[in-house]
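Okay, structure first, notes after.
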Amino acid sequence: MKNTTGLFALPARVLHWLMAAMILAMLFIGVGMVASVSERHAWLLRIHKPLGIAILVLAVVRLAVRLRYPPPPLPADLPMLQKLAAHASHWLLYALMIAMPLVGWAMLSAGGYPVMLSDSLRLPAIFPAGPIAFAVLRHLHSWLAMLLFLTFLAHMAAALYHGLIRRDGVLASMIARRRE
Amino acid sequence: MPESPTPKKRPRHLGAWVLIAAVPAACALAFGYVGGWLAPQRLTPKRLVDQFEANAGVHPGYRRNHAKGVCVAGYFQSSGQAAPYSMAQVFASGQRTPVVGRFAIPGSNPYAPDNSVPIRSMALRFTQANGQQWRTGMNSMPVFPVATPQAFYAQLQAQQPDPATGKPDPKKVATFFAAHPETAAFRAWAKTAKPSASFATESYWSLDAFVFTGSDGLRHAVRWRMVPQSADDDSAAPAADADYLAADLRQRLSHGPLRWKLEVTLANPGDPTDDATKAWPADRQTVDAGTLVVESEQAQDSGPCRDINYDPTVLPSGIQPSDDPLLPARSAAYADSYLRRTSEEAHLPGTAALPAKAQPEARP
């Protein structure tokens with residue numbers, strides 16, 4: 001199926017902006033909670049786990065939406081290198097939004113922690129408990145978060161570049177303003 | 001109207017380019033501030049744990065505080081008497097819950113002599129049948145010296161050994177205590193406290209307050225204490241042996257299990273839940289929640305307690321943290337310490353190497 005509307009499908013647009021807010025909040029919650037000894041640490045941690053699982057579920061839905069509704073093609077005159085960067089960064093974002101919650105979940109499992117999403121809702125462990133696996137996964141969680149944040153910054157800068165400099169309809173295709 | 005001449009040529013889209021650079025830059029700055037890298041004044045878990053290392057050095061693979069200890073295992077037999085106040089499965093009548101615990105002494109030196117401090121600690125992890133856990137770390141004193149993480153950090157700084165003498169500067173310590181009158185109750189206790197000859201004869205207090213929630217939805221502020229059932233024979237600590245506590249524990253367990261009663265104290269309205277320096281009045285209602293039975297001990301470098309972070313905010317449904325500011329700080333700092341020691345265990349780059357094998361003669 002080819003996309004001839006010049007727009008992302010409505011479910012893709014809704015998921016994009018909803019998840020943009022969730023993921024950006026999640027990144028700030030994550031770095032904020034591990035850098036705080038105040039009560040902020042406790043309530044940010046309480047949000048972090050269920051929000052992460054919500055992002056995981058939505059990311060899987062979004063991947064299905066992406067495969068079902070192809071995105072509008074990039075402008076034909078976009079330089080090859082920029083096209084490559086666009087595609088690579090999009091798939092990197094998909095990979096990270098699925099990997100981050102899984103690594104977090106596996107990390108808590110490896111640390112022997114009960115994975116509590118609320119006072120009483122507990123997820124099963126998805127990784128055997130062990131200190132070495134915990135340390136590796138815990139560091140991986142931080143490094144992938146940094147990579148996700150940098151990819152997000154590049155993505156946002158690129159979107160602004162398309163919208164303000166090139167004015168080629170790429171940004172418009174995600175905010176649903178049809179090209180003149 | 002004639003077209004006005006344009007003597008100054010502005011680069012095209014200057015404003016747009018500035019925006020494209022400024023929005024991500026502002027975002028990155030906000031991230032750096034929230035993450036603490038751009039907030040050098042904020043007390044972070046890293047700075048707290050760094051201070052422990054500054055005071056006692058780095059001992060790879062060991063906890064950054066309460067470094068010297070021993071693993072124990074056993075179970076908790078519930079009496080059912082706490083069940084009306086907390087719906088946690090561990091308190092259900094007749095319930096037996098497996099426990100992996102750890103006895104330790106405070107301080108960051110894993111080779112410190114047992115008589116160097118009068119405080120002992122007991123950490124427990126109860127694993128409920130429903131998979132939820134209750135983790136707790138208790139100390140053998142009724143009150144904590146300070147009420148906030150900031151004051152605790154200041155105390156650690158005051159106790160940092162002077163490089164010239166290798167000992168804390170008594171003037172700095174005195175200045176700290178003078179500036180922190182909330183330490184008075186602890187200091188009064190410490191004056192009479194003697195290093196005990198056994199872990200088995202000590203009481204262990206939760207210090208921080210918690211909130212029990214019953215199946216009726218009612219909330220109860222509580223503190224708890226483990227009360228020893230082993231007789232205190234008043235024997236003095238053997239001065240010659242630096243590791244008499246582990247030896248005593250082994251010897252006692254060879255004769256049979258050791259027991260503690262878990263005594264839960266219910267707060268009256270108005271009792272402070274956010275201040276671990278203040279004991280509650282002695283007449284508060286207490287509930288005998290059950291019996292902790294310790295059956296075996298294992299060395300901490302290979303035993304099952306080694307890889308457990310006794311974070312006191314890991315709690316089952318029916319127990320919640322109170323508004324005590326020490327609780328989130330303990331959780332955050334323990335997590336940092338846990339990551340450091342497991343990273344050392346994993347030999348990750350940038351971490352200090354583990355000691356090959358603790359040699360008794362290598363002990364300072």
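Not measured: the values here are computed from a predicted model. We name chains A, B, ... by the order of the sequence lines, and we start the count at 1 in each one.
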* Structure fact -> To the nearest 0.5 Å, atom CZ of A/R138 lies from atom CG of B/L348 at 12.0 Å
* To do: Output every pair passing ring-ring contact (aromatic ring centres under 6.0 Å, His included) with a member in residues 150-172 of chain A, not counting sequence neighbours, ordered by first then second residue.
  => A/H90-A/H155, A/Y161-B/W17
* **Toward chain B, the part of A/V115 with a non-hydrogen atom under 4.5 Å** => neither
* Asked: Roughly how far, to the nearest 0.5 Å, is the CG atom of A/L160 from the CG atom of B/L19?
  -> 6.0 Å
* Asked: Using non-hydrogen atoms only, which part of B/S343 is less than 4.5 Å away from chain A: side chain, backbone, both, or neither?
  -> both
* To do: Against chain A, label B/A30 side chain, backbone, both or neither, depending on which of its atoms sit under 4.5 Å from a heavy atom there.
  => both
* Atom CG in A/D119, atom CG in B/L315: separation rounded to 0.5 Å? -> 9.0 Å
* Asked: Highest number of heavy-atom pairs under 4.5 Å with chain A: which of B/E345, B/R42, B/Q133?
  -> B/Q133
* Interface residue of largest heavy-atom contact number with chain B, from A/R40, A/E39, A/H139, under 4.5 Å -> A/H139
* To do: Residue by residue, scan residues 316-327 of chain B and write down, ordered by number, those that have a heavy-atom distance under 4.5 Å to chain A; if none do, write 'none'.
  => B/P316, B/S317, B/Q320, B/P325
* To do: Using the six-membered ring wherever Trp is involved, compare the ring planes of B/F31 and A/F28 and label them parallel, tilted or perpendicular (cut-offs 30° and 60°).
  => perpendicular
* What part of A/S120 gets closer than 4.5 Å to chain B, counting heavy atoms only: side chain, backbone, both or neither? -> both
* Side chain, backbone, both or neither of B/R340 within contact of chain A (heavy atoms, under 4.5 Å) -> neither
